[in-house]
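Let me begin by presenting the structure, written as structure tokens, before commenting on it.
Residue numbers begin at 1 in each chain, while the letters A, B, ... track the order of the sequences.
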Protein chains: 2
Amino acid sequence: MNLRDLRYVLAVAEHGHFGHAAEACGISQPTLSVQVRKLEEILGIALFERTSKTVVPTDACERLISHVRAAVAEADAILAVARSLRNPLAGRLRLGIIPTLAPYLLPLVFAPLREALPLLEVEPWEDQTLALLERLRTHDLDGALLATEVDAPDLASRPLFAEPFLAALPPDHRLAARAEVAEGELAEDILVLADGHCLRDQTLAACGRSGALGSAMRATSLSTLLNMVAAGYGTTLIPGLAAGTAQDAGIVLRPLAARTDRTIRIAWRAHFPRRAAVEAVGNVVASRLKGFAAGASMGTI
Amino acid sequence: MNLRDLRYVLAVAEHGHFGHAAEACGISQPTLSVQVRKLEEILGIALFERTSKTVVPTDACERLISHVRAAVAEADAILAVARSLRNPLAGRLRLGIIPTLAPYLLPLVFAPLREALPLLEVEPWEDQTLALLERLRTHDLDGALLATEVDAPDLASRPLFAEPFLAALPPDHRLAARAEVAEGELAEDILVLADGHCLRDQTLAACGRSGALGSAMRATSLSTLLNMVAAGYGTTLIPGLAAGTAQDAGIVLRPLAARTDRTIRIAWRAHFPRRAAVEAVGNVVASRLKGFAAGASMGTI
DNA sequence: GGGGAGGATAGACGGTATCTATGGAGACTG
DNA sequence: CAGTCTCCATAGATACCGTCTATCCTCCCC
């Protein structure tokens with residue numbers, strides 16, 4: 001049984017005339033006759049009572065036709081919905097973002113995304129790198145904004161922009177008097193985030209610390225970390241996009257001597273069919289943050 | 001777009017594996033791959049994200065799949081309903097019956113019809129001959145029990161049994177003393193039904209009256225006519241099946257000298273697809289009334 | 001790096017939907 | 001009452017498409 005034949009049946013029932021129905025279906029009258037006859041044989045019942053002048057649906061046809069209509073309507077719905085889904089730059093895109101980036105980047109890119117991709121519903125999801133990669137693999141996310149290289153055969157990624165690190169110091173810290181701070185100088189009283197945050201590893205690497213921190217406190221969020229620095233517990237590195245927040249908290253920021261930074265990338269499954277949407281989001285983000293590393297390292301975004 | 005392909009999509013979505021889905025569909029894996037790919041091209045969207053290890057429905061597929069399920073379910077419903085309608089001896093059969101026959105025949109054949117054709121729902125419809133023929137032509141009836149010849153190219157008919165006429169007399173009528181009555185002797189004070197009843201024309205023809213009856217009363221039903229005869233207003237001819245009712249009304253019945261009768265026929269549209277059902281009903285009726293003309297002319301049915 | 005699993009591709013084959021041309025039944029008309 | 005018209009059915013040819021087997025490519029694992 002074929003959807004095409006079901007449409008033929010509806011046409012014959014509607015027109016009560018094989019010739020007119022055939023024309024409406026865009027086929028020849030013999031074709032219509034043959035196909036309807038064939039369907040009648042498949043179903044084992046007569047659908048129409050034909051005379052030389054009239055074509056009338058049988059009782060059986062009346063009983064069936066609601067199902068026929070429903071089947072054809074569902075088929076049409078499939079086509080209609082598919083058409084509405086055809087634009088890769090429309091629909092939902094679940095985008096993971098690491099916690100040290102999300103609160104500072106999202107306010108910047110929300111409006112540009114809405115403007116450039118009005119039909120794309122970007123659903124942000126905040127979690128640490130490993131969790132995001134896992135969710136990418138399980139199809140719970142479609143893309144992810146990360147600050148690390150992505151080295152996996154099933155995933156692909158593209159760099160979007162470089163985000164410089166800044167030294168974050170209590171106002172009365174001895175280094176606060178400097179115009180810039182060498183990365184290694186922060187090692188002594190460095191504060192870092194909890195395990196799992198890529199920023200933690202990057203901060204330690206930049207300062208030349210191996211990772212053994214003893215009983216040093218580990219903040220669970222960058223916001224907490226900033227408060228700890230502001231309270232004089234120590235120093236840290238912060239990503240450039242958090243500069244505004246840090247300054248608001250009363251923290252002194254200084255550029256780093258080696259201009260250490262991290263590269264923000266967008267990642268997706270290698271076989272993700274709507275790669276175009278991911279790329280488009282990446283383009284908007286990159287475009288919004290263009291020149292950030294050069295001109296905005298002091299917090300003027 | 002094809003229902004078959006929709007079933008393929010459901011299979012792939014269910015199994016998450018082209019090979020297993022192909023096996024479930026009874027086709028080869030390459031065929032399934034090609035067909036799904038083709039459907040994706042028709043719809044203009046990717047339905048599955050394939051890697052060497054996993055096959056996962058896309059977001060678009062999730063949005064479509066309810067419609068796919070519905071379409072397939074309706075198609076299955078069509079097949080199931082068609083199967084249940086396949087027996088021509090099952091389902092509704094709208095059967096017209098003329099008023100001078102219905103009240104006397106139906107009680108006789110109801111039980112035999114139920115027994116012989118338990119799945120057939122015979123829906124009786126009582127009206128005069130012309131109305132029944134009209135309703136046959138408009139497909140409002142599927143068959144009709146008539147007492148006249150059916151001479152129309154679009155209709156067919158078959159005789160079922162002969163129903164003898166009987167002279168119906170008031171008990172004190174001069175002819176009531178006879179063992180039998182010649183048809184012509186009734187002409188003088190004959191009472192007849194209203195226009196449109198075939199029994200009216202047959203009665204007049206049997207008595208040799210041309211039809212000009214002057215102010216003679218025209219009963220609107222056979223029941224009324226019998227009451228009029230019983231009250232002594234005149235005589236009439238009644239069909240044999242009404243004998244019991246007539247005698248209950250206190251009427252004297254006598255056989256006719258020439259054994260005049262009428263032939264009860266079943267009629268249907270020449271192209272009616274369930275002719276088998278009509279024939280079956282005809283057989284039951286004919287079988288129930290077999291030998292009626294010969295042995296039951298005195299009312300012993 | 002060799003083997004295995006799984007999906008994609010290629011080429012051949014067969015079924016079937018479609019066409020045009022024609023047949024045949026029934027109804028209207030001059 | 002024959003001619004004609006309408007309309008559905010049939011016949012035969014053709015082209016498309018769904019399906020198969022055989023093979024390739026990719027990825028993963030040992």
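- With salt bridges taken as basic N to acidic carboxylate O contacts below 4.0 Å, none links A/Arg83 and A/Asp76.
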- Under the salt bridge (Lys or Arg N to Asp or Glu O under 4.0 Å) rule, what do A/Arg262 and A/Glu163 come out as? Steps first, then yes or no, please. CA-CA 5 Å; A/Arg262 65 178 187 179; A/Glu163 183 181 25; 2.8 Å; yes

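- Annotation: the span from A/Met1 atom CE to B/Ile78 atom CD1 amounts to 4.5 Å, rounded to 0.5 Å.
- When the side-chain nitrogen and oxygen atoms of B/Arg50 are compared with OP1 and OP2 of C/dA8, one or more of them lie within a distance under 4.0 Å.
- Qualifying salt bridge (charged side-chain N to carboxylate O under 4.0 Å, His left out) partners for B/Arg63, counting only residues two or more places apart in sequence or in other chains: none.
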- Evaluate side chain to side chain contact (heavy atoms under 4.5 Å, CB included) for B/Asp59 paired with A/Arg92, printing each intermediate quantity in order. CA-CA 8 Å; B/Asp59 248 33; A/Arg92 181 180 63 161; 3.0 Å; yes

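- What separates CD of B/Glu23 from C1' of D/dC20 is a distance of 16 Å, to the nearest Å.
- Scanning residues 9-18 of chain A for heavy-atom distances under 4.0 Å to DNA chain D yields A/His17, A/Phe18.
- Rounded to whole angstrom, the span from the CG atom of A/Leu3 across to the C1' atom of D/dG18 amounts to 16 Å.
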- Message: For a quick check, with a 4.0 angstrom heavy-atom cut-off, what is the B/S/- contact string for nucleotides 15-20 of chain C, read 5' to 3'?
- Response: --SSBB

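- Here D/dA9 presents its C1' atom at 16 Å from CZ of A/Phe48, a figure rounded to the nearest Å.
- Note: NE2 (B/His20) to C1' (C/dG7) measures 12 Å, nearest angstrom.
- A donor-acceptor pair shorter than 3.5 Å can be found between the side chains of B/Gln29 and B/Ser33.
- A donor atom on one side chain and an acceptor atom on the other are not found under 3.5 Å apart for B/Asn87 and B/Arg274.
- As rounded to whole Å, 12 Å separates atom P of D/dA9 from atom CG of A/Leu47.
- Salt bridge annotation for B/Lys38-B/Asp5: absent, with no cationic side-chain nitrogen under 4.0 angstrom from a carboxylate oxygen.
- Between the side chain of B/Gln202 and the backbone N or O of B/Ala147 there is at least one donor-acceptor pair closer than 3.5 Å.
- Within a 6.0 Å radius of CD in A/Glu62, more than 12 heavy atoms belonging to other residues, nucleotides or ligands are found.
- Looking at A/Glu49 and B/His271, their side chains never bring a donor and an acceptor atom within 3.5 Å of each other.
- Applying the side chain to side chain donor-acceptor pair (under 3.5 Å) definition to pairs two or more places apart or across chains, none involves residues 12-24 of chain B.
- In this structure, B/Arg94 fails the cation-pi test against B/Trp125, since its NZ or CZ atom is not both closer than 6.0 Å to the six-membered ring centre and inside 45 degrees of the ring normal.
- Rounded to 10°, the angle separating the first-five-pair axis and the last-five-pair axis of the helix from C/dG1-D/dC30 to C/dG30-D/dC1 equals 10°.
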Are there any protein N/O atoms within less than 3.5 Å of an N/O atom in nucleotides 27-30 of chain C, and if so, which ones and at what distance?
none

